[in-house]
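This report concerns only the one structure given below.
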Amino acid sequence: MSLPTWLSLKIKSPHEYSYKPSSRLIPSSIPPKLNLPFTNHSECPNTPCPPTDQNVAAIVFGDGSNSKLYPLTKRRSKAALPIAGNYRLIDAVISNCINSNIKKIYALTQFNSASLNSHLSRAYSCAHIGNEALVDVIAAYQSPEGKGWFQGTADAIRRCLWVLEEYPIVDFLVLPGYHLYKMDFQELLKVHCNNKADITVAVLSRRTDKDIELGTFQVNSENQVISFKDNPEIRVVQNSDISQDLYAGMDIYVVNKDAMIKLLTEYHPMANDFRREVVPGAISLGMNVYAHKFSGYWEDMRSIEAYYQANMESIKNTKKAYSLYDKDSPLYTLPRHLPPTQITDAAITDSVIGDGCFLNRCKIRGTVVGMKTRVGDGAIIEDSVIMGSDTYQSGRTEEDIHIPIGIGEGSQIKKAIIDKNVRIGKNVKILNKENVQECNNEANGYIITKGIVVIMKGAIIPDGSIL
């Protein structure tokens with residue numbers, strides 16, 4: 001979905017931090033709910049809190065350095081990963097902010113950030129709200145006071161406080177930019193305000209084996225956080241082993257501005273990681289830390305397997321999956337103005353097809369097909385993620401003619417992730433018939449993890465290859 005026309009973004013450096021309203025006028029194609037700028041609500045005299053959409057700024061992180069999604073993150077940050085054919089992961093987080101009426105978003109980026117910064121600047125630069133930008137990208141930088149790169153989430157916020165304090169807010173909403181979920185942040189902010197909390201953490205109300213990786217919060221009957229335990233070494237935890245007062249963290253926080261400044265500059269001036277150091281520090285100091293329980297769909301994209309599964313679930317229009325078709329909570333992204341997909345005598349079932357594809361006499365089942373994908377005659381693709389191409393091929397070299405970008409005639413692909421701009425020749429079989437669970441063959445353009453074959457970006461798979 002294209003963006004509301006009141007959005008504006010500019011990538012800024014610490015030496016040139018100024019906003020200039022865009023002079024371009026972009027026609028609006030937003031739903032009626034978002035057809036006007038954010039409404040200015042008057043404060044209700046019976047509530048102790050000001051309107052939550054007027055006093056909060058979101059801080060969105062692009063990635064960390066230790067990604068388990070390699071090789072998909074070899075040349076891009078986790079937040080820039082394509083998802084569900086037309087989108088990137090960060091679109092889900094930015095869309096949550098837009099749909100929750102958050103008027104100010106700071107995107108802090110560092111690792112492999114070129115693709116992410118380009119997407120943010122192109123996707124969210126069409127217009128503005130008054131004289132204020134909705135989204136500002138703050139790329140990692142060095143200064144006389146800090147000559148190294150950001151050392152973690154806490155260090156990044158601390159070094160950007162001089163920028164973050166410019167916007168008149170009361171609370172910060174701290175968000176990873178690479179989780180897939182839909183959340184009304186207004187509910188989280190109201191819980192934070194009503195409890196007069198210094199920090200409010202979002203936690204999962206359900207308990208599953210995978211949720212333990214972001215640590216657990218012990219919560220009392222009033223939803224006040226008693227303690228936090230980080231569990232990076234735990235991989236499998238049975239439901240019966242989790243106490244009823246323990247809840248899995250989501251790395252989503254609302255932090256009072258004054259508390260944030262004190263925590264980062266006075267109490268923990270050397271802390272690098274917000275979750276592992278600052279939050280436990282706030283609890284030990286006796287600050288008011290509360291929990292907000294979330295029961296909706298959430299995936300933290302912690303691995304290749306999780307990324308694959310999230311794409312597979314996006315095909316299913318069920319309450320258990322992430323919905324691409326929710327009119328009340330639309331998903332925004334870069335409008336690319338591509339032509340519709342051209343389908344020639346193809347059989348396609350249970351799939352999601354991106355824009356601008358050429359699907360010729362092929363069979364596609366249970367697959368996410370990204371933009372500008374070309375599939376040749378007789379090809380069969382099942383249970384896979386095809387990221388597509390960055391451009392339509394126009395080259396005339398011998399290599400381009402021999403193995404063009406896309407999937408060649410007669411090729412078969414099953415349970416695979418095909419990264420962008422891959423050239424798969426004719427009669428190639430990517431089936432993993434021997435059910436190999438782990439294999440690193442990066443030199444030949446692919447790896448296998450948890451039985452999923454991952455073809456690396458730009459790889460060339462010759463005619464007749466069997467993987």
Side-chain angles (χ1 to χ4, degrees), residues 71-72 82-86 304 307-309 311-312 314-316 338-436 439 441 444-449 451-467:
L72 301 180
I83 188 79
N86 279 355
I304 293 286
Y307 173 77
Y308 171 83
Q309 192 60 39
N311 273 279
M312 293 297 98
S314 72
I315 297 171
K316 307 168 186 176
L338 290 171
T341 288
Q342 184 180 96
I343 301 173
T344 304
D345 197 22
I348 303 173
T349 57
D350 302 326
S351 298
V352 169
I353 309 297
D355 297 333
C357 300
F358 294 94
L359 310 179
N360 301 317
R361 299 179 180 85
C362 56
K363 294 182 180 180
I364 299 175
R365 183 182 67 82
T367 293
V368 173
V369 180
M371 294 173 292
K372 302 178 183 177
T373 296
R374 181 194 61 82
V375 181
D377 292 359
I380 300 174
I381 307 173
E382 298 178 280
D383 306 325
S384 296
V385 179
I386 314 296
M387 292 191 187
S389 173
D390 287 321
T391 183
Y392 290 119
Q393 187 167 337
S394 59
R396 292 291 185 270
T397 66
E398 182 178 348
E399 181 185 69
D400 288 339
I401 296 172
H402 180 57
I403 304 181
I405 295 175
I407 299 168
E409 298 175 4
S411 291
Q412 299 179 45
I413 300 173
K414 186 173 184 178
K415 197 178 181 181
I417 299 174
I418 312 298
D419 208 330
K420 283 192 173 185
N421 305 329
V422 169
R423 302 169 187 267
I424 295 178
K426 299 178 181 179
N427 301 311
V428 171
K429 294 184 179 181
I430 304 177
L431 303 174
N432 191 15
K433 283 189 174 181
E434 297 181 3
N435 197 27
V436 176
C439 172
N441 202 340
N444 291 318
Y446 73 94
I447 70 164
I448 302 175
T449 179
I452 303 166
V453 182
V454 181
I455 308 297
M456 299 174 63
K457 185 176 182 178
I460 300 175
I461 310 298
D463 294 349
S465 298
I466 299 176
L467 305 182

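Within the 4.5 Å cutoff, the side chain of Ile413 has heavy atoms near those of the Ile424 side chain. Residues Met387 and Asn311 form no side-chain contact, since every pair of their non-hydrogen atoms from C-beta on lies 4.5 Å or further apart. Put simply, the side chain of Ile403 reaches to within 4.5 Å of the side chain of Asp463, judged on heavy atoms. Residues Tyr308 and Thr449 form no side-chain contact, since every pair of their non-hydrogen atoms from C-beta on lies 4.5 Å or further apart. Within the 4.5 Å cutoff, no side-chain heavy atoms of Ser314 are placed close to those of Ile83. At least one side-chain heavy atom of Tyr307 sits less than 4.5 Å from a side-chain heavy atom of Ile417. Two residues are said to be in side-chain contact when any heavy atoms from C-beta on lie closer than 4.5 Å; Val375 and Ile386 fail this criterion.
Between the NZ atom in Lys372 and the NZ atom in Lys420 there is a gap of 8.0 Å [rounded to 0.5 Å]. Annotation: the span from Ile455 atom CD1 to Asn441 atom CG amounts to 9.5 Å, rounded to 0.5 Å. Distance check: Arg423 CZ to Ile418 CD1 gives 14.5 Å after rounding to the nearest 0.5 Å. Between the CD1 atom of Ile380 and the NZ atom of Lys429 there is a distance of 9.5 Å, given to the nearest 0.5 Å.
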Throw together a table of side-chain donor-acceptor distances under 3.5 angstrom for residues 357-371, partners on residues two or more places apart or in other chains.
residue : atom : partner : partner atom : Å
Arg365  : NE   : Glu382  : OE2          : 3.3
Arg365  : NH2  : Glu382  : OE2          : 3.0
Thr367  : OG1  : Arg365  : O            : 3.0
Thr367  : OG1  : Asp383  : N            : 3.3
Thr367  : OG1  : Ser384  : N            : 3.3

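Sorted pairs that involve residues 408-418 and meet salt bridge (charged side-chain N to carboxylate O under 4.0 Å, His left out), not counting sequence neighbours, are lacking altogether.
Side-chain atoms of Asp390 never come within 3.5 Å of backbone atoms of Asn421 as a donor-acceptor pair (strictly under, hydrogens ignored). Under the 3.5 Å distance criterion, the side-chain polar atoms of Tyr392 are matched with a main-chain donor or acceptor of Gly356. Side-chain atoms of Thr373 never come within 3.5 Å of backbone atoms of Gly406 as a donor-acceptor pair (strictly under, hydrogens ignored).
Under the rule for a side chain to side chain contact (heavy atoms under 4.5 Å, CB included), the partners of Ser465 that lie at least two apart in sequence or sit in another chain are Val428, Ile461, Pro462.
Closest approach of Gly451 to Asn432, counting heavy atoms only: O-ND2, 3.3 Å. For the pair Pro71 and Val454, the tightest heavy-atom approach, listed with the atom from each and the gap, is CG-CG1, 4.1 Å. Minimum heavy-atom separation, Ser351 to Ile348: CB-CG2, 3.9 Å. Closest approach of Asp350 to Ile315, counting heavy atoms only: O-CG2, 3.0 Å. Of all the heavy atoms in Gly408 and Ala379, the pair that sits closest is O-CB, 3.9 Å.
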| query | Going through the distances and angles, do Met312 and Val385 end up as a side chain to side chain contact (heavy atoms under 4.5 Å, CB included)? | reply | CA-CA 8 Å; Met312 293 297 98; Val385 179; 3.8 Å; yes
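Heavy atoms of other residues, nucleotides or ligands lying less than 6.0 angstrom from NZ of Lys426 number 12 at most.
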